[in-house]
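Step one of this worksheet: look at the structure below.
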Amino acid sequence: MIGRAASITLSENGAKVVVVDLSEEAGMLTVNKIKENGCEVKFVKADVTKEADIKNYIRKTIDSYGEIDIFLNNAGWESKIMPLIDYPTGGFRSINDNKCTRRFLGLETWIATYD
């Protein structure tokens, strides 16, 4: 939801947007909303927890537009809400990988394009 709203707002203000989503259906919903406004947009299906997918969408973005000026790295999912004492360690690790590792990998890969 945040990514979709931000992508639409950025495109309305002149940004060329690359929508990245694990779900082609959700990604194309965002793409179509942006296209309705006459703005330029591309879609790349990717699992942002996989380094190869991250490198692929960054490469495709740079191949299309030459550089990345804004890197909106906000993909995520919510887990079951429960008391901390009941929360499984595996669930925490999954959330940590999603919320931290993928952000690090995305930023690391993007920043490396400026060397």
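Predicted model only: the values in this text are computed from it and were never measured.
- In this structure, Asp47 and Asp53 approach most closely via the heavy-atom pair N-OD2, 2.7 Å.
- Expressed to the nearest 0.5 Å, how far CE of Met28 lies from NZ of Lys45 amounts to 12.5 Å.
- The line from CH2 of Trp110 to OG1 of Thr61 is 11.5 Å long, rounded to the nearest 0.5 Å.
- Within a 6.0 Å sphere centred on CZ of Arg59, heavy atoms belonging to other residues, nucleotides or ligands number more than 12.
- Residues Val18 and Leu107 are members of one and the same hydrophobic cluster, defined by side-chain heavy-atom contacts under 4.5 angstrom among Ile, Leu, Val, Met, Phe, Trp and Tyr.
- Nearest heavy atoms, Thr30 versus Ser7: CG2-CB, 4.2 Å.
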Verdict with reasoning, Thr113 to Ile68, per side chain to side chain contact (heavy atoms under 4.5 Å, CB included): CA-CA 9 Å; Thr113 67; Ile68 299 172; 5.9 Å; no
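- Taking all atoms of both residues into account, the shortest heavy-atom contact from Tyr57 to Val44 is CB-CG1, 3.7 Å.
- Looking at Asn56, its side chain never comes within 3.5 Å of a backbone N or O of Ala52 through a donor-acceptor pair.
- Of all heavy-atom pairs between Ala26 and Asp21, the closest is CB-OD2, 3.7 Å.
- The nearest pair of heavy atoms linking Ile34 to Val17 is CD1-CG1, 4.1 Å.
- Between the Thr9 side chain and the Ala6 main chain, no donor and acceptor come within less than 3.5 Å of each other.
- Residues meeting the side chain to side chain contact (heavy atoms under 4.5 Å, CB included) test with Leu29, sequence neighbours left out: Arg4, Lys33.
- Take Glu25 and apply the side chain to side chain contact (heavy atoms under 4.5 Å, CB included) test, not counting sequence neighbours, and it matches Ser23.
- Applying the salt bridge (charged side-chain N to carboxylate O under 4.0 Å, His left out) rule to Arg103 yields no partners; only residues at least two apart in sequence or on another chain are considered.
- Ala46 and Val20 make their closest contact through CB-CG1, 3.6 Å (heavy atoms, listed as atom of the first residue, atom of the second, distance).
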